[in-house]
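Shown next, in structure tokens, is the structure this report addresses.
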Amino acid sequence: MAALTFELQATATGDSKARAGRISTDHGEIMTPIFMPVGTVGSVKAVTQQQLKLDVQAQIILGNTYHLYLRPGTEVLQGAGGLHRFNSWDRPILTDSGGYQVFSLAANRKIKEEGVMFQSHIDGSRHLFSPESVMDIQRSIGADIIMAFDECPPYPSEYDYAKKSMGLTHRWLDRCFQRLADTPDKYGYTQHLFPIVQGSTYKDLRRASCEYIASKEAAGNAIGGLSVGEPEEMMYEFTALCAADLPSHKPRYLMGVGTPWNILECIDLGIDMFDCVMPTRNGRNGMLFTTQGVINIRNKKWASDFSAIDPGLPAEISQYYTKAYLRHLFISEELLGLQLASIQNLAFYLWLVGEARKHILDNSFVSWKREMLDIVKQRL
RNA sequence: GGGCAGAUGGCCGAGUGGUUAAAGGCGACAGACUGUAAAUCUGUUCUCUCACGAGUACGUAGGUUCGAACCCUACUCUGCCCA
């Protein structure tokens with residue numbers, strides 16, 4: 001079937017590097033810039049697939065190799081005919097490789113040249129993740145876009161460690177490409193590997209990594225190892241550096257970012273794809289992102305606020321339910337609260353990137369972004 | 001009418017002579033969360049003070065003691081049992 005293609009539709013003028021584009025996959029199109037809801041274990045927590053389509057307007061969602069490998073396991077996923085059929089999501093899917101778990105499960109793993117020995121967070125059992133096994137697992141999951149197996153070094157990292165880690169990520173990348181070339185697509189559509197730039201917070205390493213990654217001429221390129229605790233300005237600095245060094249005719253994916261203002265800034269720097277747990281996790285913890293600003297819905301001030309959750313957002317639930325009711329749901333630990341907050345936040349994120357796209361297309365991105373930043377950062 | 005048990009901070013509940021403004025839980029009030037080990041985690045929660053610190057507080061009133069939430073007496077209230 002068709003290859004993954006990227007059509008660059010517009011680029012902002014002046015200092016802005018923002019662009020609008022269209023990614024075509026065998027499961028449909030993705031209009032960029034885009035935010036991708038995270039559905040680690042094959043489920044965007046607390047949100048149904050119907051809600052993702054109708055309320056959130058999600059175009060592509062994520063899954064995670066490490067988590068899906070542990071549960072339900074590749075046998076079940078293959079039996080289902082891949083993750084799309086398993087979770088009934090017929091639009092594009094991207095799977096992260098487990099590289100982030102090398103970082104977040106640091107206490108339970110050991111990194112070697114061959115790969116990473118993981119101890120399952122579920123039952124403590126030991127598993128080896130190698131570039132080859134991770135490609136095989138992602139073949140079984142069947143995502144449209146699959147990520148290279150990388151090491152995401154912590155911040156801060158010593159130069160020597162960052163350099164060695166980057167080298168390892170690059171060698172693993174070669175093995176990922178090789179394995180992918182050696183194995184067929186399983187479900188009749190094409191899977192595309194995105195390599196990941198590393199190099200921690202060292203400019204020469206980041207440049208070298210970008211050069212190496214770009215030389216692979218992959219369908220799209222990702223920037224990893226950022227938003228792991230470094231100052232926000234530093235994250236922007238390295239995003240700018242990497243975005244400038246990665247090819248402009250391929251989508252650029254900034255992994256794990258971020259807040260609404262992070263996303264606006266990074267769109268400005270030339271990023272096309274984002275993912276982050278923030279809208280869902282923070283939503284479940286009572287933090288709402290709205291077109292008016294940020295709300296902690298558990299705060300007493302909302303107890304008798306009968307205005308809509310977010311009057312400025314087109315999503316139905318944002319209009320239909322009130323802040324006071326949503327607060328009540330949170331205080332009462334009603335599950336519906338988790339669902340409404342998650343949908344609100346995701347719908348807001350998708351609205352935000354959609355608006356950004358509109359303003360890039362009609363060449364008004366820069367002034368719109370400036371106004372939007374102030375609103376979106378505001379604490380209500 | 002008699003017997004027994006009990007009364008602790010918004011609530012539940014530990015404490016039975018000094019290191020107790022009083023454990024713990026709940027509730028309440030804030031904060032954190034960035035390729036998800038997260039419907040999670042952290043902090044505050046008698047009054048006054050930015051703080052140091054001071055003042056009040058373990059049913060009520062009195063007493064013993066250098067010192068009492070803790071011991072004694074009376075009273076009030078609550079629960080259970082017997083009439």
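Computed from a predicted model, the values in this text were never measured in an experiment. Per chain, numbering begins at 1; letters A, B, ... match sequence-line order.
Within the 4.0 angstrom heavy-atom criterion, base atoms lie near Gln198(A). Looking at heavy-atom distances under 4.0 Å, Ile122(A) makes no contact with the nucleic acid at all. Contact annotation for Ser120(A): no contact, since no heavy-atom pair falls under 4.0 Å across all strands. Counting any heavy atom pair closer than 4.0 Å across all strands shown, Asn299(A) reaches sugar-phosphate atoms only and no base atom. Residue contacts for Asn64(A): at a heavy-atom cut-off of 4.0 Å it reaches the sugar-phosphate backbone alone, with no base atom in range. At a threshold of 4.0 angstrom between heavy atoms, the contacts of Asn282(A) include nucleobase atoms, whether or not backbone atoms are also involved. Contacts of Met287(A) with the nucleic acid, taken as non-hydrogen atoms under 4.0 Å apart, include base atoms. Contact annotation for Ile331(A): backbone-only contact, meaning every heavy-atom pair under 4.0 Å involves sugar-phosphate atoms and none involves a base. Heavy atoms of Arg71(A) sit nowhere under 4.0 angstrom from any nucleic acid atom. Note on Leu94(A): nothing from the nucleic acid sits closer than 4.0 angstrom, heavy atoms only. Across all strands shown, Gly225(A) has heavy atoms under 4.0 Å from base atoms, whether or not it also approaches the sugar-phosphate.
Here the range on RNA chain B touched by chain A, meaning any atom under 4.0 Å from one of its heavy atoms, is A28(B) to U40(B).
Nucleotides A68(B) and G79(B), compared at atom P, are 33 Å apart to the nearest Å. With both ends at atom P, the span from C11(B) to G1(B) equals 31 Å, rounded to whole Å. For the P atoms, the distance from C58(B) to A22(B) is 15 Å, rounded to whole Å. Nucleotides G10(B) and C29(B) have their C1' atoms positioned 13 Å apart, rounded to a whole Å. A distance of about 31 Å separates the P atoms of A30(B) and U36(B), rounded to the whole Å. Across the P atoms, C70(B) and U78(B) are found 23 Å apart, a figure rounded to whole Å. Straight-line distance between the P atoms of A83(B) and G25(B): roughly 46 Å, to the nearest whole Å. To the nearest whole angstrom, the two C1' atoms, one in G53(B) and one in U49(B), are 8 Å apart.
Across all strands shown, A83(B) forms no Watson-Crick or G-U wobble pair with both distances under 3.5 Å. In this structure G27(B) sits in a base pair with U45(B), meeting the Watson-Crick or G-U test at under 3.5 Å. A57(B): no Watson-Crick or G-U partner with both key distances under 3.5 Å is found in any strand. When both pairing distances are held under 3.5 Å, C77(B) makes a Watson-Crick or G-U pair with G6(B). Base pairing of G18(B): its partner is C66(B), meeting the Watson-Crick or G-U wobble criterion (both donor-acceptor distances under 3.5 Å).
For Tyr100(A) and Asn64(A), the side-chain atoms include no donor-acceptor pair closer than 3.5 Å. Glu151(A) and Thr169(A) form no side-chain donor-acceptor contact under 3.5 Å, judged by distance and modelled atom types alone.
Cluster partners of Leu241(A), using a side-chain heavy-atom cutoff of under 4.5 Å among ILVMFWY residues and allowing indirect links: none.
Considering every non-hydrogen atom in both Gly224(A) and Ile196(A), the closest pair reads N-CG2, 3.5 Å. Of all heavy-atom pairs between Cys276(A) and Gly256(A), the closest is SG-O, 3.6 Å. What you find for Pro247(A) and Asn221(A) is that their closest heavy atoms are CG-ND2, 3.6 Å.
Ion pair Arg171(A)/Glu113(A) flagged as a salt bridge, since at least one NZ, NE, NH1 or NH2 atom sits closer than 4.0 Å to an Asp/Glu carboxylate oxygen.
For the pair Met278(A) and Asn296(A), nearest-nucleotide mapping onto RNA chain B gives the more 5' position to Asn296(A). Residues Gly63(A) and Leu338(A) both approach RNA chain B. Their nearest nucleotides, taken by heavy-atom distance, put Gly63(A) toward the 5′ side.
Put simply, CG on Asp150(A) and CE on Met166(A) are 13.0 Å apart, with the number rounded to the nearest 0.5 Å.
Each side chain to side chain donor-acceptor pair (under 3.5 Å) pair with one or both residues in residues 68-84 of chain A, not counting sequence neighbours, appears once here: His27(A)-His84(A), Tyr69(A)-His127(A), Gln78(A)-Ser140(A), Gln78(A)-Lys186(A), His84(A)-Asp144(A), His84(A)-Tyr189(A).
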